[in-house]
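Residue numbers start from 1 in every chain, and the chains themselves are labelled A, B, ... in the order their sequence lines are given, proteins ahead of strands.
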Protein chains: 2
Amino acid sequence: MQTVDDILKIKKVKSTAIRTVVLTHLLKQEKAQSLKDIENALIYTDRSSIFRTLKTFEENKVIHSIEDGSGMTKYAVCAEGCNCAPEDLHYHFYCTSCDKTFCLFDVPIPKIQLPENFKLQQANMVAKGLCGHCNK
Amino acid sequence: MQTVDDILKIKKVKSTAIRTVVLTHLLKQEKAQSLKDIENALIYTDRSSIFRTLKTFEENKVIHSIEDGSGMTKYAVCAEGCNCAPEDLHYHFYCTSCDKTFCLFDVPIPKIQLPENFKLQQANMVAKGLCGHCNK
DNA sequence: CTTAGGGTGCAACTCGATTGCAAAGTTTAC
DNA sequence: GTAAACTTTGCAATCGAGTTGCACCCTAAG
Ligand SMILES: [Mn+2]
Ligand SMILES: [Mn+2]
Ligand SMILES: [Zn+2]
Ligand SMILES: [Zn+2]
């Protein structure tokens with residue numbers, strides 16, 4: 001199991017107090033977190049610092065972002081070995097009832113037949129509906 | 001070929017001047033349009049009226065919206081017969097170079113293996129990269 | 001110790017989205 | 001036909017997530 005500092009080291013991101021606490025928080029979550037989620041959880045940490053931390057993490061592929069249509073970008077820690085290349089991508093699921101967004105790490109994205117000459121670089125794939133808890 | 005009024009009638013949306021002009025505009029586009037795109041194209045029409053028109057269209061499945069991660073929601077006319085049900089969905093493509101978003105109407109979404117008890121209702125699937133024009 | 005450069009906190013700002021409200025237009029009931 | 005009832009539109013104001021400027025802080029290098 002990788003520790004927070006292992007991850008930062010592998011991804012070549014300097015370890016700081018805020019980065020450690022943000023990544024520690026993200027690693028504990030079962031659902032992807034918005035900036036506001038993190039802000040609410042880490043009440044003594046400034047929003048813009050968290051924001052810049054998330055940008056740094058995303059640039060360095062520590063985390064990936066998900067646009068789930070809720071109006072707030074969500075973030076989740078990348079799987080070990082993920083390089084955010086097309087073959088590393090996975091689907092996400094947004095529950096329209098409880099507003100949670102999950103990474104479906106086990107559901108890779110199939111080869112999409114793009115039009116002639118198009119080049120795939122990234123993807124934001126979000127299935128929406130009811131999660132197991134809300135679909136009763 | 002369906003006319004604008006045919007479409008509105010089928011989708012049970014009352015025809016008005018603004019609705020007609022917005023839908024006519026959308027039907028002419030090869031790329032999905034943002035509120036601002038439409039506002040710029042229809043310079044004498046108020047933004048909030050266009051906004052409400054888009055909401056009405058979306059509620060009534062005249063159009064569908066796409067969150068492409070550009071920060072602006074894009075809209076495109078639904079294909080004939082589309083009911084915006086999971087089986088009617090398709091992938092989208094966002095060009096990171098020219099900022100255009102396309103509906104890949106010919107690329108249906110495969111059956112996604114969701115976790116136990118999850119229920120699929122909608123989806124926002126966006127592949128990103130370079131379009132045929134920018135990938136040179 | 002001194003300095004340089006990145007990291008952090010705070011406040012201000014941007015901009016797409018959304019809403020309140022009154023005026024204008026349309027439909028319905030009589 | 002007319003008036004009330006309802007819907008749509010225009011305008012201005014507001015919201016809120018995201019972003020930025022700047023001064024201060026901290027740490028690593030010399
Ligand atoms: Mn994910
Ligand atoms: Mn589409
Ligand atoms: Zn749920
Ligand atoms: Zn392009």
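In terms of modelled atom types and a separation under 3.5 Å, the side chain of A:Asn40 and the main chain of A:Asp37 share no donor-acceptor contact.
Across the protein-nucleic acid pair, A:Tyr44 atom OH and C:dT8 atom P stand 19 Å apart, rounded to whole Å. Atom pair B:Glu67:CD and D:dG18:C1' shows a separation of 15 Å (rounding to whole Å applied). The interatomic distance linking B:Phe57 (CZ) with D:dT8 (P) rounds to 11 Å, in whole Å. In this structure, A:Leu54 places its CG atom 14 Å from P of C:dG7, rounding to the nearest Å. Distance, A:Ile50 CD1 to D:dT20 P: 17 Å, rounded to whole Å.
Within 6.0 Å of the CD atom in B:Glu87, the count of heavy atoms belonging to other residues, nucleotides or ligands exceeds 12. Counting non-hydrogen atoms of other residues, nucleotides and ligands closer than 6.0 Å to CG of A:Asp106 gives a total of 12 or fewer. The environment of NZ in A:Lys119 is sparse: at most 12 heavy-atom neighbours from other residues, nucleotides or ligands sit within 6.0 Å.
Near-neighbour residues of DNA chain D inside residues 4-28 of chain B, defined by a heavy atom below 4.0 Å, number-ordered: B:Lys14, B:Thr16, B:Ile18, B:Arg19.
The residue among A:Thr56 and A:Asp46 whose nearest nucleotide of DNA chain C is located toward the 5' end is A:Thr56.
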## Note on the structure
A correct 5'-to-3' footprint of nucleotides 15-24 of chain C, with B, S and - meaning base, sugar-phosphate only and no protein heavy atom under 4.0 Å, is -SBBBBB---

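A:His90 pairs by the ring pair (Phe, Tyr, Trp, His ring centres under 6.0 Å) definition with A:His64, A:His92, A:Phe105, not counting sequence neighbours. Every residue meeting the ring pair (Phe, Tyr, Trp, His ring centres under 6.0 Å) condition with A:Phe93, not counting sequence neighbours, appears here in chain and number order: B:Phe118. Not counting sequence neighbours, the partners of B:Asp5 by the side chain to side chain contact (heavy atoms under 4.5 Å, CB included) test are B:Thr3, B:Leu8, B:Ser15, B:Thr20.
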Show me, pair by pair, the donor-acceptor contacts under 3.5 angstrom made by side chains of residues 126-136 of chain B, not counting sequence neighbours?
{"from": "B:Lys128", "atom 1": "NZ", "to": "B:Asp68", "atom 2": "O", "distance (Å)": "3.3"}
{"from": "B:Asn135", "atom 1": "ND2", "to": "A:Asn117", "atom 2": "O", "distance (Å)": "2.6"}

